[in-house]
Q: 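Structure below; questions to follow.
Since the model is a prediction, treat every value here as computed from it, not as a measurement. Order of listing sets the numbers, starting from 1, for every ligand and every atom in it.
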Amino acid sequence: MAHKWVYMFEEGDAEMRNLLGGKGANLAEMTRIGIPVPPGFTATTEACIAYQKDGGFPDGMWDQVVASMQKLNEQTGKTFGDANNPLLVSVRSGARVSMPGMMDTILNLGLTPAGVETMGAKFGDMRFAWDSYRRLIQMFGKVVLGAPAEPFEEIIDDIRKEEGVKTDAEVSAAGWKECARRFKELVENHTGQPFPEDPYDQLRLGTEAVFKSWNGKRAVDYRNNFGIPHDWGTAVNVVTMVYGNFADGKSGTGVAFTRNPSTGEKKFYGEYLLNAQGEDVVSGARTPTEVSKLVEEIPSAWHELQEIADKLEQHYREMQDIEFTIEAGKLWMLQTRSGKRTAASVVKIATDMVDEGLISQTEAVARVQASDIDQLLHPRFDLEVLAKTPVLAHGLNASPGAAVGKVYFDADTAEQKTKEEGEDVILVRPLTEPDDVHGMLAAKGILTQEGGATSHAAVVARQLGKPCVSGCGEININLKERKFTVGDVVVKEGDVISLNGAKGDVYLGTIPVVVPEFEEQTELQKILSWADETRRMMVWANADDPQQATRARSYGAQGIGLCRTEHMFLGERTQLFQNYILADDDAAKAAALAKMLPEQRDDFHGIFKAMDGLPVIIRLIDPPLHEFLPSREELMVDVAVAKVKGEDAGVKEKLLAKANELQEYNPMLGLRGVRLGVMMPDVNKMQVRAIFEAACDAAKEGVDVHVEVMIPLIGHVNELKFLQKLLLDEAKAVMDEKNATVSYKFGTMIEIPRAALTADEVAELAEFFSFGTNDLTQMTYGLSRDDAERHFLLQYVEQGILPVNPFQTIDRDGVGLLMKMAVEKGRATRPGLEIGICGEHGGDPNSIEFCHTLGLNYVSCSPFRVPIARLSAAHAVLREKGWPRIGDLGALDPDRKN
Ligand code: ADP
Ligand code: MG
Ligand code: MG
């Protein structure tokens, strides 16, 4: 038997989504469960892929299309291509996931000049019939035969002028007939061939055009951008036409959601138009009616629609987005799919559906995406102020988030104003280019006049997590005069604007930003508590002080994975530390450290109290010493000025000498981390003393302390051998002095490849590992992040040389391999070794999933990302159990059949 390329709707079902595409599978499913769908059939995605390979329809496909058309003739009692009783169809593309760039739907295919007469008689409206026909030629000409759009519009203009009317609605039947004639001429001039009058030719060309659109530039770009495989293909749906454009008061067309897609409220939501077809409702040409009015206008259709909505929700167990048409009182469903919705409605619908018994708690967890949480918790504009503020201009919502800042028109100024004057800056450019990246890095937000959702500005902004509105054609930038205009409004350099990246809106002036309260998000809390029951990995947070620790805890952190201590040497204490650095002898050094000890002890004490009962990992001082001195340039100027004035440069001169001494060519690879500990152990010893004094004091107050001391940047186990013993002795000494014991561990960061490679040796001493994946990525790739992001890394990603920015998502093949090795070797030496990650990757969903597969005990991330990490750690478990990745991919639960 020949391969089956074409399926009648009654032969398919929702499970066949990959083969029939989303639209086709759902039309088949609705047909199967007895929902009224106009008869039709689907040519498969496989046929599309075969078409791409062979450059033509695969063997047998066209015969099957023709046979299916004959079945449609039988089912409808009409005949495709017949002048007296024509069967008309729509040709609709439909891939596995809906995506831009696919061919637009063609309506009324099969209509011929002779058919127009029949149709006009049927509708009692010749004007409408000729209008439909000219639309077919226009659509077919543009979409299938590639004729440019404007000349069609020019012809319509001419016709209107000739008839002396203003709008299309006033054009007469004769006008549209003449229009159709000229359209045909136009198409024929474009293609050099007669317009295909034969309906089967139209069907063949239309089908081919859908297949071809799969490899159109927009579609390919989109797939590249969103990681959709190119070998999925698109299906072609051929659907009997139904008409909502009778003027009988009982016909219309509409779109609706089974629940409110912006709030999630369980209330049918949508719009319709009487006497309308296809895209009329969404095109904005007429103002549609709120859907509940249908109960008055066509009650029977309204009631049936409600029943169908319920049936669909029960069946799909998901909020549906539907298209319907009512022809002379008879309701037809033309599409259903799970509805897109806001983050707020994602969590509302998921928790409601659990309450309604439609889905399990686990499925609710699976339905929420990290980006939803981001939206719910991210700082956003004050909605009240927003509602009262007029939108200045609207562009593409290229990268979400709220940004407020002063307008600057070039990257250098943006960078300079940020760095030197501490201003919040919005970079406004006609377009951005690789040369502008430093300005984008500095800016709070980016606004461009040109460029789409995959333009440089959009791609880079998303990578950087910065709000961006791109392609905002309403603004007119004048680079010379350093201003942009929107109509009469002039925005000059230095004026403040606000950007709403999620919507693509630009506002004049400052809109206050609010940080949503986590505590108030009860639905999200529910989802996260279910996620907690699902996940295996713990979620810890990076927090440097008691406030951050408290916040992290309120977000659900189960420990602190990284408490950095550098800030304990900064601010007012810089002086103390400089005294240490400048000290000439041991006594002076000891004196300087003695002054720092009580301050650090207080810091630690506060953190232990905030984290009562939970582990706290404290990292000993890490950065190179010069970071604690004024810059050399500054000191040189000061010293020179003092000399000229004949003053005593004093301590500045000493500092300069020290700064010169400490200067390094590659500070990132120089005297920092454990190396500081080895070269000047007294600083680390002071820190350990402060930690253990605080821990013992807190323990005496009844706080349950679990302290973990982390030594950074080791490359060789001998570094640990040297330092850890010293520090351990100090810790024991303190506990003896205080006559107290606390639970403690000494461990290390794995952030130099050699430490990962020799993790078995390292684990002989280290009682825990924590991956510092920022440094590990820098050292594995041999690049410094700041230099790389500024000069080439983002271009690498844009050009596809690297799939992602490895500082955002762990490079599993390289860096990840080292991590895997470290886990295996470390636990071979020390079974059950506690291992976590404290780099920024700890808050990235993809990296979190990877950490789960490596068997890490926890991920540690910034407090704000703790909720996302809780969810992502649960998703990692679900993925392991075979749940598909979330998205518009239909049913989620792998054990469930529709
Ligand atoms: P899209 O994927 O852009 O939504 P569709 O294929 O759903 O494109 O069709 C565009 C419009 O045409 C929709 O409003 C749809 O309901 C309408 N439409 C499609 N096929 C038919 C048909 N056979 N009869 C009436 N309207 C149709
Ligand atoms: Mg479309
Ligand atoms: Mg549609």
Q: Going by the atom numbers of ligand 1, which of them fall below 4.0 Å from some non-hydrogen atom of Glu323?
A: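 Within the 4.0 Å cut-off of Glu323, ligand 1 contributes 4 (O), 7 (O), 13 (C), 14 (O), 15 (C), 16 (O).
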Q: Answer with side chain, backbone, both or neither: which part of Val239 has a heavy atom less than 4.0 angstrom from an atom of ligand 1?
A: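 Both the backbone and the side chain of Val239 come within reach of ligand 1.
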Q: Pairs of donor and acceptor atoms involving the side chains of residues 19-27, under 3.5 Å and at least two apart or interchain, shall be tabulated with distances.
A:
unit_1	atom_1	unit_2	atom_2	d
Lys23	NZ	Ser93	O	3.1
Asn26	OD1	Tyr316	OH	2.8
Asn26	ND2	Gly22	O	3.4
Asn26	ND2	Thr336	O	2.9

Q: Using a plain distance cutoff, I'd like to know if Val242 has any nitrogen or oxygen under 3.5 Å from a nitrogen or oxygen of ligand 1.
A: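 It does: an N or O of Val242 is found under 3.5 Å from an N or O of ligand 1.
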Q: Hey, is Leu107 touching ligand 1 through its side chain, its backbone, both or neither, going by heavy atoms under 4.0 Å?
A: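 Looking at Leu107 and ligand 1, just side chain atoms fall under 4.0 Å.
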Q: Any N or O on Arg92 sitting closer than 3.5 Å to an N or O of ligand 1?
A: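 Yes.
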Q: Go through ligand 1 atom by atom and flag the ones less than 4.0 Å from a non-hydrogen atom of Gly278.
A: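 Heavy-atom distances to Gly278 below 4.0 Å select 11 (C), 12 (O), 14 (O), 17 (C).
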Q: Taking only Lys NZ, Arg NE, NH1 and NH2, and the carboxylate oxygens of Asp or Glu, determine whether Arg160 and Glu154 approach each other closer than 4.0 Å.
A: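 A salt bridge is absent here (no side-chain N lies under 4.0 Å from a carboxylate O).
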Q: Below 4.0 Å from any atom of ligand 1, is there a heavy atom belonging to Lys23?
A: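 Yes; Lys23 lies near enough to ligand 1 that a heavy-atom distance drops under 4.0 Å.
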Q: So that I can check it, does any N, O or S atom in Thr105 come closer than 2.8 Å to the Mg ion (ligand 3)?
A: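 Checking Thr105: none of its N, O or S atoms is under 2.8 Å.
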Q: Would Arg218 and Asp221 pass as an ion pair if we require N to O under 4.0 Å?
A: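 Result for this pair is no, no salt bridge flagged.
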Q: Going by distance alone, is a donor N or O of one side chain under 3.5 Å from an acceptor N or O of the other, for Glu208 and Tyr51?
A: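 Present: a donor and an acceptor within the cut-off.
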Q: Which atoms of ligand 1 are found less than 4.0 Å from any heavy atom of Ser90?
A: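 Reading through ligand 1 atom by atom, the close ones are 19 (C), 20 (N), 21 (C), 22 (C), 23 (N).
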Q: Quick check: of its N, O or S atoms, which one does Glu323 have closest to the Mg ion (ligand 3)?
A: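 Answer by atom name: OE2.
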Q: Does the distance from a Lys or Arg side-chain N to an Asp or Glu carboxylate O, for Glu297 and Lys250, drop under 4.0 Å?
A: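 No, no charged N to carboxylate O under 4.0 Å.
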Q: What I'd like to find out is whether the side chain of Asn237 reaches to under 4.5 Å of the side chain of Val91, using heavy atoms alone.
A: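 Answer no - side chains too far apart.
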Q: Using distance alone, decide if ligand 1 has a nitrogen or oxygen within less than 3.5 Å of any nitrogen or oxygen in Thr325.
A: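 No, since none of the N or O atoms of Thr325 sits under 3.5 Å from an N or O of ligand 1.
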Q: For atom 27 (C) of ligand 1, tell me which residue out of Asn237, Leu334, Ile322 has the closest non-hydrogen atom.
A: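 Minimum heavy-atom distance to atom 27 (C) of ligand 1 goes to Leu334.
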Q: Does either side chain, that of Glu290 or that of Ser292, offer a donor lying less than 3.5 Å from an acceptor on the other one?
A: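 The criterion, which ignores hydrogens and geometry beyond distance, is satisfied for Ser292 and Glu290.
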Q: Could you name each residue pair satisfying ring-ring contact (aromatic ring centres under 6.0 Å, His included) that touches residues 14-47, not counting sequence neighbours?
A: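 Output for this query is empty, none listed.
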